[in-house]
Protein chains: 2
Amino acid sequence: MTEKQEKILQSALELFAKEGFHATSTSKVAKNACVSEGLIFRHFGNKEGLLSAILQLGENRIKALFVDIVMESDPKEVIRKAILMTSGIDKADYDFWKLQFKLKWELEVSSDKKMEPLKMALTNAFNKLGYEEPELEANLIILFIDGIGSAVLKGSELDSEEMMRFLIKKYNL
Amino acid sequence: MTEKQEKILQSALELFAKEGFHATSTSKVAKNACVSEGLIFRHFGNKEGLLSAILQLGENRIKALFVDIVMESDPKEVIRKAILMTSGIDKADYDFWKLQFKLKWELEVSSDKKMEPLKMALTNAFNKLGYEEPELEANLIILFIDGIGSAVLKGSELDSEEMMRFLIKKYNL
DNA sequence: CTTAATAGTGAGTAATCACTTGCAAAAGTA
DNA sequence: TACTTTTGCAAGTGATTACTCACTATTAAG
């Protein structure tokens, strides 16, 4: 991957996150990246190709976030780490995650599949801890993680750290 | 409001919800509504004006949904009704609510303010029931409602009815 | 009936859209 | 060195964008 190629990707990420995919023109991306507009199409084929490249990065990053949770053997620790998942994300990466959330709405891609390994790990954890309906408990945690993530990235006033602490207390973790 | 004016609003709602605001052109809206494109600008000024009109409808509808909850005096019933809030929405109104959720991301409008009365009612209810941290409990419920709504409107596989039943059981309501 | 306001149209507008093309500079590769 | 491939740019392309304008049809009040 060339230097300019990365610059295009970085600029697209920033602008797509800030303004949205459809509201961002390829000429804007090119200007922001200080390259000719044609170069975008040379490297990524079309605008959707550019988006796909970004989406692929997202897939990889989310997998990386899950690894630490899924590999954990202590069930209590699995749930704790899941709840705290979003606390670990760098502020410099906000654009990146914001885009991922935004695109779930803009492109109608279901996030169920991506969350599947996390759901399995949580279900298993709740099962080990003797909860009556482990799968529903897992769904609930995922709902909260997603909700907290959304709130933070949308710039809500919600104190995410306090919510996580509260949840951890609620589950005796 | 004229017949054609309503048709424009209806078409815009449908298309904005399906394709997104920026991805829907005014000419598409006009065609779908079987009116001349110019009429849109006569009545709504510009594309954003059309959006504002739709957004205003949303504000009113969400207030109507809240009334039944906020007016309830029995604290347990307040929480129960809040949890079940999304179960009452008509499938014919899916486009409408989908657009409201979509726009929260596309236009970066915080939904905190709209949710404020609901949060107050829930906080009060949890307080009456002797919960230690009523405000955080309220936040959690709102997070849940928002999450269920998102999941359903995004076409997730999540069984929302079962999740609601599960939560109601969890809170002994 | 007259008049004025509103509702509605359809053919424009300049600007912008995603994308292409021709060509040159650079970088491998032998 | 000579040749091929990749990288990059500038100047285009036709289509579409949000929006305007000149005009007509309809309505309603005096």
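Quick note: numbers below take in every heavy atom, side chains included, and nothing from hydrogens, waters or symmetry partners. Quick note on labels: first sequence line is chain A, next is B, and so on, each numbered from 1.
- For the segment residues 11-27 of chain A, residues with any heavy atom less than 4.0 angstrom from an atom of DNA chain C are, sorted by number, Thr24(A), Ser25(A), Thr26(A), Ser27(A).
- Using a 4.5 Å cut-off between side-chain heavy atoms of Ile, Leu, Val, Met, Phe, Trp and Tyr, with links allowed through other members, Phe66(B) and Met71(B) fall into different hydrophobic clusters.
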*Start with the C-alpha gap between Asp74(A) and Lys81(A), add the side-chain angles, then the distance that decides, and say whether side-chain contact (heavy atoms from CB on, under 4.5 Å) holds.*
CA-CA 11 Å; Asp74(A) 178 12; Lys81(A) 279 184 176 173; over 6 Å; no

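- Contact record, Ala121(A) with Val78(A): O-CG1, 3.9 Å, taken as the closest heavy-atom pair.
- The stretch residues 29-44 of chain A touches DNA chain C through Glu37(A), Gly38(A), Phe41(A), each having a heavy atom under 4.0 angstrom from the strand.
- With salt bridges taken as basic N to acidic carboxylate O contacts below 4.0 Å, one links Lys170(A) and Glu137(B).
- When the shell of 6.0 Å around NZ of Lys31(B) is examined, it contains 12 or fewer heavy atoms from other residues, nucleotides or ligands.
- Taken from CZ in Phe101(A) to CG in Asp146(A), the straight-line distance is 4.5 Å, to the nearest 0.5 Å.
- Atom-to-atom, CE of Met1(B) to P of dG8(C) comes out at 12 Å; the value is rounded to the nearest Å.
- Salt-bridge annotation for Glu108(B) and Lys98(A): present, with a side-chain N of the basic residue lying under 4.0 Å from a carboxylate O of the acidic one.
- Ion pair Glu59(B)/Lys113(B) not flagged as a salt bridge, since none of the NZ, NE, NH1 or NH2 atoms sits closer than 4.0 Å to an Asp/Glu carboxylate oxygen.
- Checked for salt-bridge contact, Glu133(A) and Lys169(B) meet the test: a charged N lies under 4.0 Å from a carboxylate O.
- Nucleotides of DNA chain D lying under 4.0 Å from heavy atoms of chain B occupy a range whose first and last members, 5' to 3', are dT17(D) to dT20(D).
- Nucleotide dA7(C) holds its C1' atom 12 Å from the CD atom of Glu3(B), rounded to whole Å.
- Salt-bridge check for Lys119(B) with Glu116(B): failed, with every basic side-chain N at 4.0 Å or more from each acidic carboxylate O.
- Between dG8(C) and Lys4(B), no contact under 4.0 Å exists linking OP1 or OP2 to a side-chain N or O.
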